[in-house]
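Okay, structure first, notes after.
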Amino acid sequence: MSFFIESAFAQSGAEGGAGGMLATFAPLILIFVVFWFLLIRPQQKKAKEHRAMVGAISKGDEVVTSGGLLGRVTSVGDAFLTVEVAEGTEVRVQRSSVANLMPKGTIKSA
């Protein structure tokens, strides 16, 4: 019967040194480094750029909100902006809801 089933023999224990621990955690560390450079770091960079853009908004800027409204900023507060979306129509939006600053003259061409 040993033709179909191989005999199992006890093996000596591996030496548990620092090299064994490093080899055990190396794939985990490598995966974390890849995630850091491909996912986490670019996301943090984009969030930092968005915070800087929102902080630099001033009266007269043309903006697009995350809801898709295109308008001109008429007043700026600490947490809210007033955006004129049509002549005589103003909307108050949160600063963080501004998705993009548009170049001057975008509203006229739209």
Side-chain angles (χ1 to χ4, degrees):
M1 277 315 253
S2 66
F3 179 72
F4 294 109
I5 301 173
E6 290 192 32
S7 299
F9 297 105
Q11 297 180 5
S12 62
E15 304 228 0
M21 290 294 283
L22 183 61
T24 302
F25 289 114
L28 185 63
I29 293 169
L30 180 66
I31 289 171
F32 179 76
V33 168
V34 168
F35 272 117
W36 176 263
F37 282 106
L38 293 179
L39 296 173
I40 298 170
R41 189 169 176 250
Q43 186 177 10
Q44 287 177 341
K45 186 176 178 183
K46 187 174 180 179
K48 184 178 179 181
E49 290 172 355
H50 185 260
R51 280 193 305 272
M53 186 252 322
V54 167
I57 293 175
S58 62
K59 184 177 178 180
D61 287 342
E62 295 179 5
V63 296
V64 175
T65 66
S66 58
L69 291 174
L70 173 66
R72 181 175 287 114
V73 177
T74 57
S75 70
V76 179
D78 289 336
F80 292 94
L81 305 170
T82 303
V83 178
E84 184 179 31
V85 293
E87 195 169 322
T89 306
E90 293 184 344
V91 178
R92 288 182 53 90
V93 297
Q94 286 184 328
R95 276 182 171 260
S96 61
S97 70
V98 173
N100 287 320
L101 279 174
M102 302 304 288
K104 300 282 183 183
T106 303
I107 294 176
K108 290 180 183 176
S109 64

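Everything numeric here is computed off the predicted structure, so don't read it as measured data.
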task: Would you mind reporting whether Val63 and Arg72 have side-chain heavy atoms less than 4.5 Å apart?
output: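 Result no, sub-4.5 Å side-chain heavy-atom pair not found.
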- prompt: Looking at side-chain heavy atoms only, is the closest gap between Ile57 and Leu101 below 4.5 Å?
  reply: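 Counting from C-beta outward, Ile57 and Leu101 do come under 4.5 Å.
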Separation between [atom1] of [X] and [atom2] of [Y], rounded to the nearest 0.5 Å:
{"X": "Ser96", "Y": "Arg51", "atom1": "OG", "atom2": "CZ", "result": "12.0 Å"}
{"X": "Met53", "Y": "Arg95", "atom1": "CE", "atom2": "CZ", "result": "10.5 Å"}
{"X": "Thr74", "Y": "Glu84", "atom1": "OG1", "atom2": "CD", "result": "6.5 Å"}
{"X": "Leu70", "Y": "Thr65", "atom1": "CG", "atom2": "OG1", "result": "9.0 Å"}

field: Those residues that, when tested against Val85, pass side-chain contact (heavy atoms from CB on, under 4.5 Å) (two or more places apart)
entry: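 Result, side-chain contact (heavy atoms from CB on, under 4.5 Å) vs Val85: Leu69, Val83, Thr89, Val91.
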In one Ile/Leu/Val/Met/Phe/Trp/Tyr side-chain cluster, 4.5 Å: Val93, Val76: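 Linked, Val93 and Val76 end up in one cluster.
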Path from Met21 to Leu28 over hydrophobic side-chain contacts below 4.5 Å: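 Yes, because Met21 and Leu28 connect within a single hydrophobic cluster, where side-chain heavy atoms sit under 4.5 Å apart.
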task: Return the minimal non-hydrogen interatomic distance between Pro27 and Thr24, and the atom names on each side.
output: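 Looks like CD-O, 3.7 Å.
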field: Considering all heavy atoms, the nearest Glu62-Thr106 contact
entry: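 Looks like OE1-N, 2.9 Å.
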Would you give me the side-chain donor-acceptor pairs under 3.5 Å for residues 35-47, sequence neighbours excluded?
none

message: Using a 6.0 Å cut-off, check whether atom NZ of Lys59 has over 12 heavy atoms from anything other than its own residue.
response: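 No, because the 6.0 Å sphere around NZ of Lys59 holds 12 heavy atoms or fewer from other groups.
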- request: Decide yes or no on side chain to side chain contact (heavy atoms under 4.5 Å, CB included) for Met102 and Asp61, but give the supporting numbers first.
  value: CA-CA 8 Å; Met102 302 304 288; Asp61 287 342; over 6 Å; no
task: Step by step, work out the side chain to side chain contact (heavy atoms under 4.5 Å, CB included) result for Leu81 and Val98.
output: CA-CA 9 Å; Leu81 305 170; Val98 173; 3.6 Å; yes
